[in-house]
**Q** 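My questions will all concern the structure given below.
Starting from 1, each residue takes its place in the sequence as its number. Quick caveat: nothing in here was measured; it's all calculated off a predicted structure.
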Amino acid sequence: MYKPNPINTDHIELSTDLLDLTEEIAKQVHEIWALGRVNEGWSYGEKRDDKLKTTPCLVPYEELPDSEKSYDRSTALGTIKLIKALGYRIEKE
């Protein structure tokens, strides 16, 4: 049985700049997801329907409910923390 075992990043603290970057990455994650859905024939719908390929999440990131934004933010935050935990630096040019 599969047991998820992500690298522990609880000790990683992020600067304000990296927290701001987290939000930009979250937005980009949503945009990439939405483009993929559109390319697969999905469209906006009041409720998700896999047969009709409709979802209420095909809206700009800013219009998503916080519950949906938090999923993208969690992915972005986890990625940035992993990069730092692995010893990489993130610098703005």
Side-chain angles (χ1 to χ4, degrees):
M1 177 179 221
Y2 170 64
K3 269 185 133 173
N5 188 25
I7 293 172
N8 186 337
T9 60
D10 291 343
H11 63 287
I12 303 295
E13 295 196 22
L14 300 180
S15 66
T16 302
D17 286 348
L18 289 182
L19 290 174
D20 292 343
L21 177 60
T22 297
E23 191 67 12
E24 290 300 315
I25 292 172
K27 181 178 178 180
Q28 179 72 356
V29 166
H30 175 70
E31 293 296 318
I32 291 168
W33 170 86
L35 180 60
R37 285 290 190 244
V38 168
N39 288 341
E40 293 170 354
W42 286 70
S43 62
Y44 174 82
E46 289 294 319
K47 65 179 191 167
R48 183 182 170 122
D49 185 315
D50 291 347
K51 287 184 181 183
L52 296 175
K53 291 188 173 184
T54 61
T55 176
C57 294
L58 275 177
V59 295
Y61 178 77
E62 294 77 14
E63 295 177 23
L64 287 173
D66 281 336
S67 60
E68 292 295 328
K69 286 181 183 177
S70 74
Y71 181 81
D72 295 329
R73 286 179 183 139
S74 177
T75 299
L77 184 63
T79 300
I80 291 174
K81 283 186 166 190
L82 175 64
I83 290 167
K84 301 241 339 145
L86 293 175
Y88 292 90
R89 289 190 337 228
I90 302 170
E91 296 179 359
K92 187 173 184 177
E93 292 185 10

**Q** Under 3.5 Å, is there a donor-acceptor pair linking the side chains of Y61 and E23?
**A** yes
**Q** Are L58 and W33 packed together at the side-chain level, in the sense that at least one heavy-atom pair is separated by less than 4.5 angstrom?
**A** yes
**Q** Which residues pass the salt bridge (Lys or Arg N to Asp or Glu O under 4.0 Å) test with E40, sequence neighbours left out?
**A** R37
**Q** Would one find more than 12 heavy atoms of other residues, nucleotides or ligands at under 6.0 Å from atom CG of L35?
**A** yes
**Q** First locate atom OG of S15, then atom NZ of K84, and finally report the distance between them rounded to the nearest 0.5 Å.
**A** 7.0 Å
**Q** Any chance you could measure I90, atom CD1, to I83, atom CD1, to the nearest 0.5 Å?
**A** 4.5 Å
**Q** State the NZ-NZ distance between K51 and K53, to the nearest 0.5 angstrom.
**A** 13.5 Å
**Q** Between T9 and L77, does a side-chain contact (heavy atoms from CB on, under 4.5 Å) hold up when you go through it step by step?
**A** CA-CA 10 Å; T9 60; L77 184 63; over 6 Å; no
**Q** Is it true that atom NZ of K27 has more than 12 heavy atoms of other residues, nucleotides or ligands lying nearer than 6.0 Å?
**A** no
**Q** So does K47 pair up with D49, basic N to acidic O under 4.0 Å?
**A** no
**Q** Can you see which heavy atom on L18 is nearest to which on I80, and at what distance?
**A** O-CD1, 3.8 Å
**Q** What is the minimum heavy-atom distance between A26 and A76, and which atoms define it?
**A** N-CB, 3.8 Å
**Q** E46 and P56: which non-hydrogen atoms are nearest, and at how many Å?
**A** O-CB, 3.7 Å
**Q** For residues R73 and T22, report the shortest heavy-atom separation together with the two atoms involved.
**A** O-CG2, 3.8 Å
**Q** Roughly how far, to the nearest 0.5 Å, is the CG atom of L52 from the OG1 atom of T55?
**A** 12.0 Å
**Q** Checking the side chain of S70 only, and the main-chain atoms of S67 only, is there a donor and an acceptor separated by less than 3.5 Å?
**A** yes
**Q** Are W42 and D50 side-chain neighbours, meaning at least one heavy-atom pair lies under 4.5 Å?
**A** yes
**Q** Could you please spell out the steps behind the side-chain contact (heavy atoms from CB on, under 4.5 Å) verdict for K81 and L14?
**A** CA-CA 8 Å; K81 283 186 166 190; L14 300 180; 4.2 Å; yes
**Q** Return the CG to CD distance between D72 and E31, rounded to the nearest 0.5 Å.
**A** 10.0 Å
**Q** Distance from I25 atom CD1 to D20 atom CG, nearest 0.5 Å?
**A** 11.0 Å
**Q** Would V59 and Y44 count as a side-chain contact (heavy atoms from CB on, under 4.5 Å) if you check the C-alpha gap in whole Å, the side-chain angles of each, and the deciding distance to 0.1 Å?
**A** CA-CA 7 Å; V59 295; Y44 174 82; 3.8 Å; yes
